[in-house]
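Worth knowing before you read on, the calculation uses all heavy atoms, side chains too, and leaves out hydrogens, waters and symmetry mates. Quick caveat, the model's predicted, so the values are computed rather than measured.
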Amino acid sequence: MPMTTVDSEGALLRGAALFHGLADRNRLAIVRKLAHGERRVVDLTKALGVAQGTVSGHLACLRDCGLVVGRPEGRQMFYSIAHPELMDLLGAAEQLLALTGEAVELCPNYGPDDIPTDTDAATTPTTTEEVAP
């Protein structure tokens, strides 16, 4: 059931869970990398410059939310986006961010402490082109 048109508490809870699953800079960076094709944990660790345990934990979260899937090949696991609609969602989010200007960055609850620095730029999607395949 769509969460925007159906008056259902369950739909709202599922929507909140989806956005909570995406509400982390590292998870968004992982999704951005996976948008360009399958990756192993070691590939993501090198590309993002974060610890293997951190990547594995975020992949587990994304997998539990149904957003990524793993394909075993021998002793390796290759991760990919489970549903291409995720990229549509992130593209729509990018459009909304463009419309709000700096309002999201200035949000007293989530903005000021989460504004990326120059060192974060390599791991934080900033445009639709960086998020979409």
Would you check if [X] and [Y] make a side-chain contact, meaning some heavy-atom pair closer than 4.5 Å?
X	Y	value
L67	L18	yes
Q52	V41	yes
V31	I81	yes
Y79	R63	yes
L96	T100	yes
V69	S80	yes
L48	K33	yes

Between [atom1] on residue [X] and [atom2] on residue [Y], distance to nearest 0.5 Å:
X	Y	atom1	atom2	value
L34	M87	CG	CE	9.0 Å
H58	D24	NE2	CG	4.0 Å
R14	S8	CZ	OG	5.5 Å

Fill in the blank from the handout: Tightest non-hydrogen contact, residues L62 and G21, listed as CD2-O, 4.1 Å

Fill in the blank from the handout: Closest non-hydrogen contact found for A82 with G66 is CB-O, 3.4 Å

Practice task
Check V50, I30, T54, N26 against L44 for a side-chain contact (heavy atoms from CB on, under 4.5 Å) and give me the one that passes.
Solution key: I30

Handout entry: Residues L86, V68; criterion side chain to side chain contact (heavy atoms under 4.5 Å, CB included); working and verdict
Key = CA-CA 10 Å; L86 175 58; V68 302; 5.7 Å; no

Handout entry: Transitive ILVMFWY side-chain link V42 to M77, under 4.5 Å
Key = no

Handout entry: Qualifying residue, where the test is salt bridge (Lys or Arg N to Asp or Glu O under 4.0 Å) with D43 and the options are R40, K46, R39
Key = R40

